[in-house]
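Just so it is clear: chains get the letters A, B, ... in the order the sequence lines come, proteins before strands, and each one is counted from 1. Not measured: the values here are computed from a predicted model.
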2 protein chains.
Amino acid sequence: MSAKFPELNLDKQLCFSLYAASRQVTRLYQPLLKQHDLTYPQYIVLLILWQNDGLMVKDIGQKSQLKSNTLTPLLKRLEQNDLVTRKRAKEDERQCYIYLTDKGKALENECACIPMEMLGQTDMSMDKLFQLKTLLDEFLQLHENHGG
Amino acid sequence: MSAKFPELNLDKQLCFSLYAASRQVTRLYQPLLKQHDLTYPQYIVLLILWQNDGLMVKDIGQKSQLKSNTLTPLLKRLEQNDLVTRKRAKEDERQCYIYLTDKGKALENECACIPMEMLGQTDMSMDKLFQLKTLLDEFLQLHENHGG
DNA sequence: ACGATTTAAATCGCACACGATTAAATCTAG
DNA sequence: CTAGATTTAATCGTGTGCGATTTAAATCGT
């Protein structure tokens, strides 16, 4: 009924809580994002571009912690949906700059309510949500230079 | 340089911290799991089975928050690697019971050190890691009945 | 100046995740 | 007793994630 090694018990593992909570949040966002024809990772990339338009794929990768093997197809889908354009830099043809289209910029207004609506979907207190975010960011900062 | 709507700023979004931290943890586990030919979700499923062998796909789904569309192929891969067997229940042929093989049981011993090794890879204090897990579990509990 | 190295993005292959549907077995209401 | 509803897995299609490799462009070292 229970693992031979207590340290392997699922309930005791932070890794599983993180994995499950992350997917749960994605599921909470999905109905809202679907109204704008967005997936969750596409929304993350748009958040980055709304904050700073005209980034290279590499920059988006650094901010999202995603590599080109994930970003290239994702950005092509955003381009197909007319939310961004992809332009090669003339001074360095290796670099691919990503710009929001008018439609992409307009989408920011439509998405402005999403954070508030998401807050409304959880019964967790603002205080605890803030604590959670602080701890996660601390963890990320401790590890952000280890893998790319 | 900055989003029109401050509430859309990436650094302010809990959702992104969670998404990034979860993937970071997966990346930390990967080198350890690769030694045993396991992926991270496969490890999660094995943690469940080590705790309670002989579950139905449905039970594993409830504990992992994964559905059969993810679990069926994952379990088939575990079966191919001779870590589990899949048996239809005679009394109800719809049900598929999953049992650990000897190899699957033996793997528990080999994985016993993984939690400790993972702890050694982070500089975050035990206290903060515990706080983090507590908050995540609280969040999960508040939402676990909303989607499956 | 020019081959070797480095860099940026794209490509490839595999394994998730998950919404939606399907298929088969079981249950249930009349 | 049986038609319809329910349950359980499996299947299908799309979109990530990511290690590894490839391609092309720029830079470096001699």
* Is A:L129 linked to B:F130 within one hydrophobic cluster, defined over Ile, Leu, Val, Met, Phe, Trp and Tyr using a side-chain heavy-atom separation of less than 4.5 Å? ->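 No, A:L129 and B:F130 fall in different hydrophobic clusters.
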* Using the closest heavy atom to pick a nucleotide of DNA chain D for each, name whichever of A:L66 or B:D59 lands nearer the 5' end. =>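 That would be B:D59.
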* **Whether over 12 other heavy atoms sit under 6.0 Å from B:D102 CG** =>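 Count not over threshold, so no.
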* Asked: Are the side chains of A:L119 and A:M116 in touch, meaning some heavy atoms are under 4.5 Å apart?
  ->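 Yes. Closest side-chain heavy atoms under 4.5 Å.
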* Can you tell if the side chain of B:E79 reaches within under 4.5 Å of the side chain of B:L75, non-hydrogen atoms only? ->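 No, their side chains stay 4.5 Å or more apart.
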* Report yes if a side-chain nitrogen or oxygen of A:Y19 is closer than 4.0 Å to either non-bridging phosphate oxygen (OP1 or OP2) of C:dA17; otherwise report no. =>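 A:Y19 to C:dA17 OP1/OP2: side-chain N or O found under 4.0 Å.
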* Please determine if a side-chain N or O atom of B:Q42 lies less than 4.0 Å away from the OP1 or OP2 oxygen of C:dA15. =>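 Checking B:Q42 against C:dA15: no side-chain N or O falls below 4.0 Å of OP1 or OP2.
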* chain A contact limits on DNA chain D, taken 5' to 3' with a cut-off of 4.0 angstrom to heavy atoms ->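 Counting from the 5' end, contacts occupy D:dG15 to D:dA26.
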* To do: Strictly below 4.0 Å, heavy-atom distances to any atom of DNA chain C: list the hits from residues 69-87 of chain B, or just say none.
  =>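 Under 4.0 Å from DNA chain C: B:N69, B:T70, B:L74, B:R77.
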Could you list the donor-acceptor pairs under 3.5 angstrom formed between side-chain atoms of residues 37-46 of chain A and any protein atom two or more places apart in sequence or on another chain?
residue : atom : partner : partner atom : Å
A:T39   : OG1  : A:Q42   : N            : 3.3
A:Y40   : OH   : B:C15   : O            : 3.0
A:Q42   : OE1  : A:T39   : N            : 3.2

* Is there a donor-acceptor contact under 3.5 Å from the side chain of A:T26 to the main chain of A:S22? ->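 The answer is yes, because a donor-acceptor pair under 3.5 Å joins these two groups.
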* Asked: Going through the checks in order, is the side-chain contact (heavy atoms from CB on, under 4.5 Å) test met by B:I98 and B:D59?
  -> CA-CA 10 Å; B:I98 310 296; B:D59 300 323; over 6 Å; no
* **Set of residues satisfying salt bridge (Lys or Arg N to Asp or Glu O under 4.0 Å) with respect to A:K103, sequence neighbours excluded** =>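 Salt bridge (Lys or Arg N to Asp or Glu O under 4.0 Å) check on A:K103 returns nothing, list empty.
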* Whole Å only: how far is the NZ atom of B:K67 from the P atom of C:dA20? ->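 In whole Å, C:dA20 P lies 10 Å from B:K67 NZ.
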* Sugar-phosphate, base or nothing in reach of A:S68, heavy atoms under 4.0 Å ->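 Base contact - A:S68 has a heavy atom under 4.0 Å of at least one base atom.
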* To do: Could you tell me how the ring of A:Y99 sits relative to the ring of A:Y97: parallel (under 30°), tilted (30 to 60°) or perpendicular (over 60°)?
  =>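 A:Y99 and A:Y97: parallel rings.
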* Is there a residue in residues 88-101 of chain B whose heavy atoms reach under 4.0 Å of DNA chain D, and which residues are they? ->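 Those residues whose heavy atoms fall under 4.0 Å from DNA chain D, taken from residues 88-101 of chain B in numerical order, are B:R88, B:R94, B:Q95, B:C96.
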* Asked: Which residue, A:V57 or A:R23, contacts DNA chain C at a nucleotide closer to its 5' end, judged by nearest heavy atom?
  ->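 Per heavy-atom nearest nucleotide, the more 5' residue is A:V57.
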* Quick one: salt bridge (Lys or Arg N to Asp or Glu O under 4.0 Å) pairs with a partner in residues 110-128 of chain A, sequence neighbours left out? ->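 Matches after skipping sequence neighbours: A:K128-B:E138.
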* Between A:R27 and A:Q24, does any side-chain donor sit less than 3.5 Å from a side-chain acceptor? ->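 Checked: A:R27/A:Q24 side chains pair up, N/O donor to acceptor below 3.5 Å.
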